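I have placed the structure first, in the form of structure tokens, so that the comments after it can refer back to it.
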Amino acid sequence: MNEKNIAISAKSITKHFGDFTALYNVDFELRTGEIHCLAGENGCGKSTLIKIINGVYQPDPGAKFSFEGKLEKKQILPSDAKRLGIHVIWQDLALFPDLTVAENIIFDHYVAKPFKLINNKKACSDAQIVINQLGIFLDPRSRVGDLSIAKRQLVAICRVIHAKARIVFMDEPTASLTKKETENLLAIVRTLSSQGISVVFVSHRLGEVLDICERVTILRDGKSVGTFPTQGMTQKKLTSLMTGLDIELTKRNNSNFGPTVLELKNLSRIGEFEGISFSLRKGEILGLTGLLGSGRTEIAHAIFGMTKATSGEIKIDGEAVNFKSNVDAIAKGIAYVSEDRLRLGLDQMQSINMNSAVTVIGKLSKPAFFLHPAAIRALCTDWIKLLKIKVSNPALPVSSLSGGNQQRVVLAKWLATKPKIIILDSPTVGVDVGAKVGIFDIVRKLSDEGMAIILISDEASEIYHNTDSFLVLKSGRISFSMKTSEVNEEKIEGIINA
Amino acid sequence: MLNYLKKVELILLLLLIFLSVFLSYTTDSFLTLQNLFDILNNQAVSIIFAVGLVVVLMAGGIDISFSIVASVVQYIVVTIMILIGGGNWFLGICLAIIIGVSLGFFNALLICKFRIVSIVATIGTFNLFFGLLMYFTKGHSIYNIPDWLYEPIPIIDVASGNSNAILYLPIIVAVFLVLITWFFLTRIGFGRIIIGFGSDLEAARRSGVNVFLVQFFVYGWLGLCAGIGGLMQSHIVREVVPNALYGRELDILSAVVLGGAVLGGGRGTVWGAVLGVMLLAVVQNGLNLLGITPFAFKLIVGLIFLVAISAVNIHRFLPLKVVNTRED
């Protein structure tokens with residue numbers, strides 16, 4: 001055992017917000033150059049802990065911090081965090097899209113010395129030094145708003161390195177990256193660690209966490225479950241530590257399909273996808289997978305009538321259809337749960353009642369054009385019961401719900417249209433492990449009741465456990481088409497990333 | 001950022017040159033020193049307003065009250081100067097700046113402290129300032145302005161034809177303000193902070209940018225420009241008419257937006273704003289010289305504005321051609 005230096009140690013951290021206990025007696029320790037994971041479900045206190053260590057919040061009295069074995073402190077002020085090189089890269093990155101890469105990286109200089117003359121050459125060369133240090137490729141002169149999310153992530157990392165970061169917290173850094181981009185990012189994180197910078201990773205993707213981190217600290221309901229080495233840890237064990245439940249992922253088993261309800265023949269849309277053919281039967285779950293940008297969502301949009309295919313055919317119940325818009329598609333019994341629940345799936349400010357009834361609000365109106373609040377409430381109450389949505393009051397804005405429950409409201413809103421075919425586009429993004437299982441329980445039940453389902457997902461495990469057959473897309477074409485029962489999870493993983 | 005804006009400036013410049021060449025051939029008087037100096041003299045105030053407004057737009061705000069601020073400044077400054085027995089340029093400019101900046105700060109206060117969206121806050125102050133002005137002046141104009149303000153101050157005097165072509169003080173003031181604004185927006189770190197602030201307010205806040213300071217600065221700067229512009233306007237027209245500038249705000253706003261500034265912040269340049277003002281001015285001048293009925297002016301200016309804006313944004317309407325733009 002070689003004793004590594006402790007970069008930061010935080011002991012007995014408690015934080016109350018009014019009556020609510022966000023953190024209770026949590027200990028956290030980070031070694032120099034370590035890659036550490038902070039895991040836990042939404043609302044477990046991860047963000048609060050990060051904000052306390054970053055100086056945004058002050059803990060309740062009794063907390064103790066020390067840095068590299070010395071410098072005892074009772075709290076960390078924002079100025080301390082800056083001096084000690086503690087930085088957080090939040091999920092939204094906090095970059096300036098209208099400034100160049102170099103300007104973003106050295107932005108702190110402008111803030112420190114606003115009246116100093118600008119030297120663009122020096123800004124670029126300073127930025128280039130950091131870029132080289134990370135061994136990546138970025139053009140310091142390009143505008144950040146024109147970069148992909150993955151490259152913006154790199155800019156954010158360069159920025160903290162330029163600010164001489166010693167400890168970097170990364171909040172869900174891989175949430176919107178493709179597999180390959182994720183691998184690049186993880187390689188950079190390893191580079192940082194080899195340069196003695198400690199990295200704390202917050203991620204929902206447990207596979208990744210086990211892959212890259214040396215140790216994991218798990219929080220549950222504001223309390224620390226403990227810090228464990230990742231060696232010997234499995235995803236299953238991690239999940240049960242996070243949720244306090246034993247979640248057994250079971251495999252779907254169904255071969256009882258009805259007649260074909262949806263058929264695509266050589267469907268193409270220039271610039272998006274080409275020659276897509278498949279059929280979907282009543283009661284079947286078809287997986288649609290592939291990297292982000294491979295055409296998954298675009299195909300869903302074409303089926304749902306939001307875009308028009310340039311050639312090919314869509315048949316519903318054996319009849320060729322030509323939707324003018326998604327209004328026609330909804331009338332034909334198609335529902336589409338979009339991948340962006342927060343922005344497109346729900347109107348966050350509207351009540352849970354309204355959100356769940358919005359697709360059928362015209363039908364519920366009585367007399368015509370007048371809202372019928374009682375009917376809306378009744379509908380919502382039914383769905384809350386059926387989908388087991390945890391709601392204290394359906395009149396509250398939908399933003400008051402957790403991610404998993406919000407996703408159930410989206411499902412309710414589409415199920416209210418009584419669809420025959422439902423397309424689920426990445427339904428579990430940003431949803432807790434426990435809540436994911438709940439959502440797939442609902443999905444399976446729907447298929448048992450005869451609904452035809454297309455599941456779009458880039459997680460091999462979701463495809464493996466929940467589909468009957470699946471298609472893999474690559475650059476807008478189908479590269480593989482298989483029965484799920486004929487492969488195992490590792491193979492799916494391999495095909496997606498091939 | 002820079003490429004996009006340079007392209008906007010280039011398009012505007014080309015349009016301006018094209019229009020000027022066209023007018024030089026079709027009219028006798030466009031390409032005379034007299035006419036060009038007239039355009040500049042007439043646009044000095046608009047340019048002063050535009051460089052103030054572009055700073056607010058770049059910081060992600062909007063202000064439509066500045067034309068009324070300018071009117072208020074005119075009225076108060078001239079009234080006080082008359083009361084103290086005449087005054088002089090120095091006192092006049094100082095007072096104009098103080099009042100203009102204070103009214104700008106009032107806007108900033110509403111926006112930062114009371115969290116009112118900038119367009120709503122300035123619609124409110126637009127009406128409030130104008131209402132107060134009309135109430136206290138009862139709509140009366142001041143024709144008897146102090147001598148120093150009344151006498152035109154020639155800067156450049158060139159013999160041209162039978163008369164002299166003269167450039168007056170306001171255009172020099174405008175050039176001076178253009179240069180200062182250009183300097184702090186592009187040459188020092190503070191300019192990058194303003195762009196960053198307009199680009200993403202939350203990111204700026206997290207980077208330790210003092211949000212209040214930036215807001216007060218940008219609205220204060222527009223107030224300063226409005227104050228000086230107001231005084232220059234009364235110098236040019238040699239009178240103070242309380243509602244003379246009413247409605248000017250939208251002309252200036254369209255010129256600045258034409259110059260590449262974006263409602264929402266983060267984009268815009270001083271040169272773009274100046275070119276926007278000049279383009280619309282040349283169009284107006286050309287219509288005059290071509291003898292087109294004044295009833296069609298607004299129609300044509302509106303059309304040219306829409307065409308020019310579409311030309312600048314053309315890349316957004318073109319269909320995408322590439323399959324996978326995402327990089328591995």
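Computed from heavy atoms alone, side chains included, the values below leave out hydrogens, waters and symmetry copies. Computed from a predicted model, the values in this text were never measured in an experiment. Just so we're on the same page: letters track the sequence lines, and every chain starts at 1.
Across V88(A), V56(A), D92(A), a single residue satisfies side-chain contact (heavy atoms from CB on, under 4.5 Å) together with R206(B), and that is D92(A).
In this structure, chain B has heavy atoms under 4.5 Å from both the backbone and the side chain of F115(A). With a 4.5 angstrom heavy-atom cutoff, F184(B) does not touch chain A via any of its atoms. For L117(A), the parts lying near chain B are the backbone and the side chain together; criterion is any non-hydrogen pair under 4.5 Å.
Here N104(A) contributes atom CG and S207(B) contributes atom OG; the two are 8.5 Å apart, rounded to the nearest 0.5 Å. Between atom CD of residue E103(A) and atom OG of residue S199(B) there is a gap of 10.0 Å, rounded to the nearest 0.5 Å. Here the straight-line distance linking atom CZ of R192(B) with atom OG1 of T100(A) works out to 7.0 Å at 0.5 Å rounding. K113(A) contributes atom NZ, which lies 14.0 Å from atom CD1 of I188(B) (distance to the nearest 0.5 angstrom). Here the CZ-CZ distance, from R143(A) to R267(B), works out to 4.0 Å after rounding to the nearest 0.5 Å.
Considering all non-hydrogen atoms of both residues, D200(B) and P97(A) come closest at CB-CD, 4.3 Å. The minimum heavy-atom distance between A204(B) and F96(A), with the atom names listed, is N-CE2, 3.4 Å. Looking at every heavy atom in both residues, I193(B) comes nearest to P114(A) through CD1-CB, 4.1 Å.
Around the CZ atom of F216(B), the shell of radius 6.0 Å holds more than 12 heavy atoms that belong to other residues, nucleotides or ligands. Within 6.0 Å of NZ on K122(A) lie no more than 12 heavy atoms contributed by other residues, nucleotides or ligands.
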| query | Would V209(B) and Y110(A) satisfy side chain to side chain contact (heavy atoms under 4.5 Å, CB included), going step by step from the backbone distance to the final call? | reply | CA-CA 9 Å; V209(B) 171; Y110(A) 300 140; over 6 Å; no
| Are R187(B) and I118(A) close enough, and set up right, to give a side chain to side chain contact (heavy atoms under 4.5 Å, CB included), and what steps lead you there? | CA-CA 5 Å; R187(B) 296 290 105 182; I118(A) 284 175; 5.7 Å; no
